[in-house]
Amino acid sequence: MATSPPTDMPTRPLISAAVVGRANRGRVLQALFDLGPTSRAELARYTGVNRSTITAIVQPLVDNGFLLEGAPLPAGGAGGKPARPLTLSPTASPIGAVQVLQGRVRSALVSMTGDILAQDTRRLPVTGRRAREATDAIGASLEAVLAAAKRPPFGVGVAVGGMVDTDRGSIVEVNLAPALDGLALGPALASRIGLPVLLDHHPRALLLGDRWFGPGRGISTFAVLYTGEVLGGALMLGGHLHRGPAGAGGELGHTFVQVDGELCRCGRRGCWETIATLDWLRRRAAEAGLPDAARISTAKLCRLAAKDPAAARLRDTYARNLAVGIANLQQTLAANRYVLHGDAARGGEPFATAIQQHARDLVPEHPGGRPTVVLGGDDDRAALLGAAGLVLSDQLQFTV
Ligand SMILES: [Zn+2]
């Protein structure tokens, strides 16, 4: 039997005022990150939020030291009050950032302006069943940098080079670090330090590092590719970091590029990883008789290519193999801008341009635009800034 709702049930608006307020605050703060010093009037124009709301949002942030108010600019011809540009304060509450690497943990204290204020690196026990020791090492490293904070930190972001369950804040699997598999690192750190802790996959942290503080600043749609022993990536689409359910998306390295191709370490065949990682490059370098093939990197290959035609051919094929996956992403998502990190980025501008040219040849015409391949900043710094970006994105309701 159907039941009718009680007639005295309160009606609720679809979106509450609190949600709108939080979204507007996020837009204003995002604009300050993207534009640098900005007057209230410019903020109102850029975000589409009215002046009185802007004032209501920024005044408490000026009062509590999160924003600084610059010297008055000369008034315009129309007279009125001179504009005072607002900027993020380098002494506002900082953010804790952690990078969990194979055998090592790095922590940093990051300011709102993207400066690294303190750093700590220590060994991480990763073999056998040593989850407790690993958690202690990560916790101690984090505490060492948080001790340098002059104001209570906003929270802590953790970038992990492996599969992560972002809902539970736990590590699913890290290659060659079995002690970390299944570790509920987020909750363990949160209870140890009493701050919110966010965990995510390393390429997604690189993406946020680029978005907040690097070549993705002010750009709402772009992709990050990390290459080396493995091939990973992350996508920013329309201002949102794409994670998939519980952070399971973004396994770009295991998208298929060749039906029934070479066997991948994941057990399937023809994954992008089978043709666009160092393992492929080193095998082909050995076949081509290149010197020190077992340890060759993209940077070394590019140096060799200047004087060795076989190295030049391999360099071109490797660039094309990387471009194949980019072409697929371009066709599917039109991300347009692809930021390189890891080994391929150390091939420098000429190698990025070679990848870009192949990607453009593979996707000669696309209504969304032409793919552009650019270099990301220093990987370690980008990962730490990106770990901090995880907290910013969460706290500020990051939307563009
Ligand atoms: Zn695979």
Side-chain angles (χ1 to χ4, degrees), residues 100-102 126 159-166 170-178 180-182 199-207 223-235 237 241-287 293-298 301 314 317-333 335 338-347 355 358-359 362-363 371 373 376 379 383:
V100 177
L101 302 153
Q102 209 180 48
V126 290
V160 180
M163 283 179 72
V164 167
D165 182 329
T166 50
S170 63
I171 295 171
V172 177
E173 190 183 20
V174 177
N175 274 329
L176 307 176
L180 303 178
D181 291 356
L199 224 68
D200 216 326
H201 188 33
H202 171 250
R204 286 198 284 258
L206 289 175
L207 180 107
V224 153
L225 293 176
Y226 177 86
T227 80
E229 311 283 347
V230 294
L231 177 58
L235 292 155
L237 300 172
L241 169 64
H242 180 74
R243 284 195 171 89
E251 289 290 330
L252 298 179
H254 301 286
T255 53
F256 299 122
V257 293
Q258 191 177 10
V259 174
D260 300 329
E262 283 186 42
L263 187 65
C264 181
R265 65 187 172 87
C266 73
R268 284 163 292 186
R269 286 185 175 276
C271 297
W272 189 13
E273 262 199 30
T274 63
I275 62 162
T277 56
L278 284 171
D279 182 54
W280 179 92
L281 185 65
R282 287 166 180 169
R283 278 187 285 122
R284 291 302 171 97
E287 286 166 21
R295 281 186 304 200
I296 205 161
S297 62
T298 299
L301 179 69
L314 181 59
T317 309
Y318 193 47
R320 187 171 191 273
N321 287 357
L322 285 160
V324 165
I326 291 174
N328 288 339
L329 283 172
Q330 185 62 14
Q331 294 285 18
T332 315
L333 300 161
Y338 300 84
V339 183
L340 285 184
H341 282 279
D343 171 73
R346 292 192 278 278
I355 298 171
H358 279 296
L362 290 162
V363 192
V373 178
D379 287 338

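We count ligands from 1, going down the list as the structure has it; atoms in each ligand are counted the same way.
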With a 3.5 Å cut-off and no angle check, do the side chains of Asp343 and Thr298 form a donor-acceptor pair?
yes
Protein N/O/S neighbour count - the Zn ion (ligand 1), strictly under 2.8 Å:
4
Are the side chain of Thr332 and the backbone of Asn328 linked by a donor-acceptor contact shorter than 3.5 Å?
yes
Measuring from atom CD of Glu173 to atom CG of Asp181, what distance do you get when rounded to the nearest 0.5 angstrom?
5.5 Å
Angle between ring planes, Tyr318 versus Trp280, binned at 30° and 60°: parallel, tilted or perpendicular?
parallel
Which of His341, His201, His202 passes ring pair (Phe, Tyr, Trp, His ring centres under 6.0 Å) with Tyr226? Answer is His202
Could I get the full list of side-chain hydrogen bond (donor to acceptor under 3.5 Å, both in side chains) partners for Thr227, not counting sequence neighbours?
none
